[in-house]
Amino acid sequence: MRERAGFPARGACPRPAARLLATLLWGASAWPALGAQDQSAPTPLFSEVASRVGLDFNHFNGAGGNFYIPEIVGSGAALLDYDGDGDLDVYLVQGAMLEPGKSPSQSWFTPGPGWRPGHRLYRNQLIPGGSLSFREVTAEAGVDSVSYGMGVAVGDYDNDGDLDLYLTNYGPNLLYRNNGDATFTPMKGMGAEDSRWTTSAAFLDYDRDGDLDLFVTNYGNFTVKGNNPCHNKMGLRDYCGPSGYRPIPDRLFRNERGRQFVDVTEDAGLGAAFGTGLGVICADFNGDGWPDIYVANDRTPNQLWLNRGNGSFEEAGLFSGTAFNVDGNAEASMGVTAADFNNDGSEDLFMTHLAEETHTLYLNDGAGGFSDQTSRFGLTRVDNYTGFGTQWFDYDNDGHLDLFMANGAVRMTRLAEPADYAYDQINQLFHNDGDGNYRETTAEAGAALQLSEVSRGAAFGDIDNDGDVDILVTNNNGPVRLLLNEIGSRQHWLQVQLEGVQSNRYGVGARVGVQHEGKRTSWRRAHTDGSYLNANDHRVHFGLGRDQEVKAVIVHWPGGSSEIWEGVEADRLVTLQEGSGRPWTP
C-alpha cells in the first residue's frame with residue numbers, strides 16, 4: 001500500500017497542526033512540463049468518470065403525472081472530507097414519492113440502476129490507495145435517512161474539527177453531527193429543524209463570536225393537497241412557476257456554542273422581506289468586515305441582507321442594485337456565486353436564470369453598490385439555457401476565474417411521452433480571458449459537457465488532489481456526473497486550508513489573498529456555500545499560471561485580525577493556523 005507524499009494514512013490523526021503545514025501533492029517526477037502535453041490530439045478539458053470510480057447514484061424525483069413543483073427543483077450534493085483523511089468524500093441527496101402511500105412502481109419513471117430510498121454517502125479511497133475510487137458507506141456512517149431531499153450545507157458547527165451536515169428537505173430538515181470516527185449522529189431537537197420547504201442553506205458566523213450560525217432559504221407554501229394545475233405553451237399539463245404559491249420566510253439560527261440553535265430571524269430583522277428562495281451565498285459585500293447574506297429568489301426580488309454588526313441586518317437589495325436586472329425586472333434566480341472575478345478587491349455576484357432571461361453579473365463598486373454588467377463581460381452573447389448550479393472557479397489555473405453553469409429546463413422543451421422526461425439541456429463552461437471578457441468553451445470541453453440531461457446542482461473541489469478544481473453535477477431524475485479536470489494541473493497552483501483558533505475552526509468567511517511580484521493581490525473567500533443546493537470544497541484554491549513564486553499569503557480572519565505568511569511554495573496545499581503568521585496591516 002503506497003502513501004501519497006505528505007498525506008496521513010487512514011486512521012492516523014488528520015487534524016491540522018499548530019504550524020504552517022506545506023503538503024506537496026505532486027512529486028517532482030510527476031510534475032508535467034508546462035506546454036509539453038501531447039499535441040497529436042486535442043485533450044478534453046474534463047472527463048466524466050462517475051460510474052468508473054464507483055459513484056453509482058441515480059436521483060429519483062417520484063414524478064407520477066401530478067406535476068408537484070418540488071419534483072422539478074432538486075437535488076443537490078456535498079463535497080466534504082468527513083473522515084478527515086485529506087480527500088473529498090461525496091454526499092448525494094435523494095428524492096422520493098411525495099404522495100403518502102405511493103410506491104415508486106406508480107411513478108412515470110423506473111428508478112435508475114442501484115436505486116434504493118434515502119440519501120447516500122460515498123467515501124473517497126484516494127488516500128491511502130493512491131487512485132480515485134469511491135465506496136458507498138451510508139449505513140455504516142449513520143446517515144441513512146429517507147426524506148424528500150433538496151440540498152445540503154456543510155460546516156463544523158461545534159468547532160471540534162469535524163465537518164457536520166445539514167440536510168434540507170421538503171419537510172423537516174435534519175442536522176447531522178460528525179462524531180470524529182467516520183460516523184454521524186442525527187441531532188434532533190437542536191432548534192434548527194425548519195419543517196417547511198427549504199431549498200438551500202449556508203453556515204456563516206454572522207455575529208463573529210467564533211462559531212457557525214445557520215441561514216436557511218425557503219421557497220413556497222406548496223402542499224400535495226393544494227397542488228395547482230398548470231399548463232405550458234403547448235397546452236400540456238406542466239409544472240407551475242413560483243407565482244402559483246405564496247412565498248414563505250427564510251430563517252436565521254444563531255449557534256449557542258454548539259449546544260443549541262436559536263431562531264433569531266425576527267430579532268435580526270430578516271422577517272422584513274422574503275421571496276421564493278432558491279440560492280444563497282454569504283460574503284462581506286460592502287467591505288465593513290461583517291458577513292452579509294445574499295438570497296437568489298425565483299421571480300421575486302433578490303435580497304441583499306447587509307450585516308449591521310450589532311446582530312441585525314438591513315435589506316438593501318433595491319438600494320444596492322441587486323434586487324432586479326438592468327431592465328428593472330425580477331428574474332427567476334436559481335444558482336448564485338460570489339467572488340472577486342476581476343481582482344479589484346471586492347466580491348461580485350453572478351446568478352443563473354430561465355432560458356428566456358439572461359444570466360446576470362452584478363459588478364461591485366467596493367462599497368456594496370452593484371450594477372448589472374452582464375453585457376460588458378460578454379455573457380449576453382451566448383445561447384441561454386435554464387441555469388441552476390454555478391460557480392466562479394479557475395479551471396485552467398491561469399489565475400482568472402472562469403464560469404460553469406449546470407442547466408436543465410423546468411418546462412418541457414419538446415413534445416414527448418412522459419417517460420422521455422423532456423427537460424434536458426447541456427451544461428456550459430465559460431473562460432475568462434483576463435481582459436474582461438468571457439468566451440464559451442463548452443464545445444472544447446469534450447464529451448463530458450455534451451451530455452444533455454436535467455442538471456441541477458454543481459459542487460466544486462479538487463476531488464483527486466492534483467491541484468485543479470473538479471465538478472460534481474447532480475441530475476434531476478438521472479445519474480450523478482463527476483467531471484474530472486484534465487487541464488488545470490498543467491499550470492501552477494496553491495491551495496490553502498485554514499485552522500481557526502479564535503475564529504470558527506475552518507475559517508469560514510475569511511478572505512485569503514495571494515501576493516504576486518508585480519501583480520495585484522488575488523483574493524478568494526473561505527466558504528462552502530453558493531452554487532445551488534450544494535456544499536463545496538472548504539479549501540481555498542488559487543491558479544498561479546506560470547508563476548512558480550508566491551510572494552506571500554494574507555488572511556483576514558472572520559474575527560477581524562489579519563496575518564501574513566511569507567516563503568509559501570507553489571503547487572502545494574498549505575494549512576495556516578490562526579495566530580501562527582505575522583500580524584499584518586493593510
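For the single chain, residues carry numbers from 1 onward in sequence order. Only a predicted model underlies this, so the values are computations on that prediction, with no experimental measurement involved.
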Original post:
What residue among Tyr438, Phe341, Trp392 forms ring-ring contact (aromatic ring centres under 6.0 Å, His included) with Phe377?
Top reply: Phe341
Original post:
Within the side chain of Asp81, is there an N or O that forms a donor-acceptor pair under 3.5 Å with the backbone of Leu88?
Top reply: no
Original post:
Going by atom types only, do Tyr362 and Asn325 share a side-chain donor-acceptor pair under 3.5 Å?
Top reply: no
**OP:** Keeping the roles fixed (side chain from Asp85, backbone from Asp87), state whether a donor-acceptor pair exists under 3.5 Å.
**Re:** yes
Subject >> Donor-acceptor contact below 3.5 Å, side chain Gln94 vs main chain Asn58 >> reply: yes
Original post:
Under the 3.5 angstrom rule, does the side chain of Asp470 hit a backbone N or O of Asn485 as a donor-acceptor pair?
Top reply: yes
**OP:** For a side-chain hydrogen bond (donor to acceptor under 3.5 Å, both in side chains) with Asn397, tell me which candidate from Arg546, His541, His492, Gln491 qualifies.
**Re:** His541
Original post:
Which pair of non-hydrogen atoms, one from Thr380 and one from Thr358, has the smallest distance, and what is that distance?
Top reply: CG2-CG2, 4.3 Å
**OP:** Check the pair Leu379 / Phe350 against side chain to side chain contact (heavy atoms under 4.5 Å, CB included), numbers first and verdict last.
**Re:** CA-CA 10 Å; Leu379 290 168; Phe350 178 82; 3.8 Å; yes
**OP:** Mind jotting down which residue pairs meet the side-chain hydrogen bond (donor to acceptor under 3.5 Å, both in side chains) criterion with at least one end in residues 442-460? Sequence neighbours excluded, please.
**Re:** Asp424-Ser452, Asn427-Ser455, Arg439-Glu444, Glu440-Thr442, Glu453-Asn475, Glu453-Arg481, Ser455-Asn475
Original post:
Is a side-chain donor or acceptor of Gln425 paired with a backbone partner of Thr386 at a separation under 3.5 angstrom?
Top reply: yes
**OP:** Determine, for Glu356 against Arg411, whether the closest basic-nitrogen to carboxylate-oxygen distance falls under 4.0 angstrom.
**Re:** no
Original post:
What distance do Thr217 atom OG1 and Asn297 atom CG have between them, rounded to the nearest 0.5 Å?
Top reply: 8.0 Å
**OP:** Measure across Leu349 and Val336 and return the closest heavy-atom pair with its distance rounded to 0.1 Å.
**Re:** CD2-CG2, 4.0 Å
Subject >> Rounded distance [0.5 Å steps], CG in Asn432 versus CG in Asp398 >> reply: 7.0 Å
Original post:
Is Leu449 close to Leu45 at the side-chain level, that is, under 4.5 Å between some pair of heavy atoms?
Top reply: no
Original post:
Can you tell me how far the CZ atom of Arg123 sits from the OH atom of Tyr82, to the nearest 0.5 Å?
Top reply: 4.0 Å
Subject >> Full working for side chain to side chain contact (heavy atoms under 4.5 Å, CB included) between Leu354 and Val410 >> reply: CA-CA 8 Å; Leu354 290 174; Val410 293; 3.7 Å; yes
Subject >> Backbone of Gly457 reached by a side-chain donor or acceptor of Thr474 within 3.5 Å >> reply: yes
Original post:
Would you call Asp284 and Arg525 a salt bridge, taking side-chain N to carboxylate O under 4.0 Å as the test?
Top reply: no
Original post:
With under 30° as parallel and over 60° as perpendicular, where do the rings of His119 and Tyr91 fit, or are they tilted in between?
Top reply: tilted
Original post:
Quick one: does Leu472's side chain get under 4.5 Å of Leu92's, heavy atoms only?
Top reply: yes
**OP:** Report yes or no: do Tyr294 and Gln303 form a side-chain donor-acceptor pair below 3.5 Å?
**Re:** no
Original post:
Angle class for the Phe460/Phe393 ring planes (parallel below 30°, perpendicular above 60°, tilted otherwise)?
Top reply: tilted
Subject >> Pair listing, salt bridge (Lys or Arg N to Asp or Glu O under 4.0 Å) test, anchored in residues 509-522, at least two apart >> reply: Lys519-Asp547
**OP:** Check Gly530 against Ile281 and note the closest heavy-atom contact, atom names and distance.
**Re:** CA-CD1, 3.8 Å
**OP:** Using a strict 4.0 Å threshold on nitrogen-to-oxygen distance, state whether Lys551 and Glu566 make a salt bridge.
**Re:** no
**OP:** Side-chain contact test, heavy atoms from C-beta onward, threshold under 4.5 Å: evaluate it for Ile471 versus Phe404 and give yes or no.
**Re:** yes
Original post:
Roughly how far, to the nearest 0.5 Å, is the CG atom of Asp394 from the CG atom of Asp402?
Top reply: 5.5 Å
Original post:
Within the side chain of Glu48, is there an N or O that forms a donor-acceptor pair under 3.5 Å with the backbone of Ala50?
Top reply: yes
**OP:** List the atom of Arg524, the atom of Asp340, and the distance in Å for their closest heavy-atom pair.
**Re:** NH1-O, 4.2 Å
**OP:** Check the pair Asp468, Tyr395 against side chain to side chain contact (heavy atoms under 4.5 Å, CB included), reporting the backbone distance first and the verdict last.
**Re:** CA-CA 7 Å; Asp468 54 34; Tyr395 75 79; over 6 Å; no
**OP:** Check Gly446 against Pro44 and note the closest heavy-atom contact, atom names and distance.
**Re:** CA-CB, 4.0 Å
**OP:** Using atom types as modelled and distance alone, determine if a side-chain donor or acceptor of Asn307 lies under 3.5 Å from a backbone N or O of Pro291.
**Re:** yes
**OP:** Check whether any side-chain heavy atom of Leu403 sits under 4.5 Å from a side-chain heavy atom of Thr390, and report yes or no.
**Re:** yes
Subject >> Pairwise side-chain contact, Leu401 with Asn343, heavy-atom cut-off 4.5 Å (strictly under) >> reply: no
Original post:
Would you say Asn534's side chain and Gly76's backbone share a donor-acceptor pair under 3.5 angstrom?
Top reply: no
Original post:
Using a distance-only test with no angle check, is there a side-chain donor-acceptor pair under 3.5 angstrom linking Glu486 and Ser47?
Top reply: yes
Original post:
Do the side chains of Val295 and Asn302 get nearer than 4.5 Å, heavy atoms only?
Top reply: no
Original post:
Hey, mind stepping through Tyr219 and Asp298 against side chain to side chain donor-acceptor pair (under 3.5 Å) and telling me if it holds?
Top reply: CA-CA 8 Å; Tyr219 190 79; Asp298 187 3; 2.7 Å; yes
Original post:
Going by atom types alone, do Thr300 and Thr276 pair a side-chain donor with an acceptor below 3.5 Å?
Top reply: yes
Subject >> Ile463 and Leu482, any side-chain heavy atoms less than 4.5 Å apart >> reply: yes
Original post:
Quick one: do the His353 and Ser333 side chains pair a donor with an acceptor below 3.5 Å?
Top reply: yes
Original post:
Does anything in residues 508-538 pair up under ring-ring contact (aromatic ring centres under 6.0 Å, His included), and if so which pairs, sequence neighbours excluded?
Top reply: Phe388-Tyr532, Tyr506-His538, Trp523-His556
Subject >> Any side-chain heavy-atom pair of His359 and Asn384 under 4.5 Å >> reply: yes
Original post:
Between CG of Leu494 and CG of Leu573, what distance do you get to the nearest 0.5 Å?
Top reply: 8.0 Å
Original post:
Do any N or O atoms from the side chain of Asn286 and from the backbone of Ala367 form a donor-acceptor pair under 3.5 angstrom?
Top reply: no
Original post:
Can you list the steps and then say if His431 with Leu429 is a side chain to side chain contact (heavy atoms under 4.5 Å, CB included)?
Top reply: CA-CA 7 Å; His431 182 259; Leu429 183 68; over 6 Å; no
Original post:
Taking atom types as modelled, is there a side-chain donor on Ser371 or Gln373 under 3.5 Å from an acceptor on the other?
Top reply: yes
**OP:** Measure the CG-SG distance between Asp205 and Cys282 for me, rounded to the nearest 0.5 Å.
**Re:** 11.0 Å
**OP:** Taking atom types as modelled, find out whether Asp372 and Thr360 have a side-chain donor-acceptor pair closer than 3.5 angstrom.
**Re:** no
Subject >> Asn476 versus Tyr423, side-chain donor and acceptor atoms under 3.5 Å >> reply: no
Original post:
For the residue pair Trp565 and Trp557, does the interplanar ring angle fall in the parallel (under 30°), tilted (30 to 60°) or perpendicular (over 60°) class?
Top reply: perpendicular
**OP:** Write down the atom of Thr374, the atom of Leu361, and the distance for their closest heavy-atom approach.
**Re:** OG1-N, 2.9 Å
